[in-house]
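Everything on this sheet refers to the single structure shown next.
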Amino acid sequence: MPPIVIPKHLVALCQRKPERAAWLESLPRVVSELVARWSLTFNNSPNYEGGCAWVVPALRADGTPAVLKLGMPHMEAEHEILGLRFWDGNPTVRVLESDKVAGAMLLERCSPGTSLRELPEPEQDGIIAGLLRRLWRRVPSPHPFRPLSVMVEHWVQATLADAKRWTDPGLVMEGLATFAELSPPRSGDVLLATDLHAGNVLRAEREPWLAIDPKPFVGDPCYDATQHLFNCQGRVLADPAGTVRRIADLLEVDSERVRLWAFARAAAEPRDDWEPTNPLARALRV
């Protein structure tokens, strides 16, 4: 097998942490092993535009098109395989093969595979909402999925550790307080995708649209509206209340909790540059 092509953005991400650097170093060997074990051929050209994984289209021995995905060590995506197995294609891509230790999946390939970004944002709203309502299910106990509060606490600790770079400490502290208010478990908690936006919804044949790349946590459905809102920042900045209310109404959830979750994320979620999201946080603040 020829040397695999690794996108520059993935190399840069992996250079930040030792465990990711080790994963990157092992990637060629692991890919070679999986190609042999799962009897795959592929064109060696990653087709994923960003994110935290190495992804290529592949063919199985019987000619079935698939996608080979290996995810770098990533706290939020730790249970992606389990989540996709739980949803089992309704309404996500299906897992054909997996290796939990390697963080590897052979996935159903969407055809034509164009993303929901091809549609205007107002049209995206209804499709995103429909997918989320189908994804939200109670998970029978015992189950392996972590509560949303675990991810929030991970963010809180990272943000607090970066306090010297905050450009608006009052705004950040208000966001952290809102996280503390919202994150405790509630009786209506369900399994969330947590990262569903137009770039993670692909046009397919089995269904018109399928979700990819979930980061499953059990928590408040109102949280799951926020990633799509963040991908529609122009609309949110122009009409915060109206845009939040539209998405919440389509999802049939509490618009005030959606606003609070979006504000907390915009104000206090860890990031490389604290300044650009401040206007969004201020727009979402009452």
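Bear in mind the structure is a predicted one, so any value in this text is a computation, not a measurement.
Between the side chain of T159 and the backbone N or O of A268 there is at least one donor-acceptor pair closer than 3.5 Å. In this structure a side-chain-to-backbone donor-acceptor pair under 3.5 Å is present from W23 to G71. With hydrogens and angles ignored, the 3.5 Å screen pairs a side-chain donor or acceptor of D224 with a backbone N or O of A193. Not a single donor-acceptor pair under 3.5 Å links the side chain of R109 to the backbone N or O of T64. Without hydrogens or angle criteria, W54 side chain to V5 main chain gives a donor-acceptor distance under 3.5 Å.
Defined by atom type and a distance below 3.5 Å, a donor-acceptor pair is missing between the side-chain atoms of T243 and R235. No side-chain donor from either of H228 and N231 sits under 3.5 Å from a side-chain acceptor of the other.
The shortest distance between side-chain heavy atoms of L106 and R60 falls below 4.5 Å. Proximity of E108 to V93: side-chain heavy atoms (C-beta onward) are separated by under 4.5 Å at one or more points. Residues T194 and E76 have side chains not in contact (no heavy-atom distance under 4.5 Å, counting atoms from C-beta outward). Residues M151 and L192 have side chains not in contact (no heavy-atom distance under 4.5 Å, counting atoms from C-beta outward). At a threshold of 4.5 Å between non-hydrogen side-chain atoms, the residues V286 and F263 do not count as touching. With a 4.5 Å cut-off on side-chain heavy atoms, L160 and L176 count as touching. Side-chain contact between I4 and V56 is absent, with no heavy-atom pair separated by less than 4.5 Å. Taking the side chain as every heavy atom from C-beta outward, C52 and L13 approach each other to under 4.5 Å.
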field: K69 and E80: CA distance, side-chain angles, deciding distance, salt bridge (charged side-chain N to carboxylate O under 4.0 Å, His left out) verdict
entry: CA-CA 11 Å; K69 177 177 181 178; E80 179 178 359; 2.7 Å; yes
task: Please report the C-alpha distance between R271 and D273 in whole Å, then the side-chain angles of each, then the deciding distance to 0.1 Å, and finally whether the salt bridge (charged side-chain N to carboxylate O under 4.0 Å, His left out) criterion is met.
output: CA-CA 6 Å; R271 78 266 339 243; D273 185 352; over 6 Å; no
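Relative orientation of the Y223 and W261 rings is perpendicular, given thresholds of 30° and 60° on the angle between their planes. F86 and F145 have perpendicular rings, their planes meeting at more than 60° on a 0 to 90° scale where under 30° would count as parallel.
Residue pairs that meet the salt bridge (Lys or Arg N to Asp or Glu O under 4.0 Å) test with at least one member in residues 168-177, sequence neighbours left out, are D168-R282, E174-R285. Pairs engaging residues 177-190 under the salt bridge (Lys or Arg N to Asp or Glu O under 4.0 Å) rule: none recorded [sequence neighbours left out].
Residues passing the salt bridge (charged side-chain N to carboxylate O under 4.0 Å, His left out) test with E33, sequence neighbours excluded: R29.
The residues E121 and R246 are annotated as not salt-bridged, no charged nitrogen and carboxylate oxygen being separated by less than 4.0 angstrom.
Other residues, nucleotides and ligands contribute only 12 or fewer heavy atoms inside 6.0 Å of the CD atom of E25.
For the pair R133 and W136, the cation-pi criterion (under 6.0 Å, within 45° of the ring axis) is not fulfilled.
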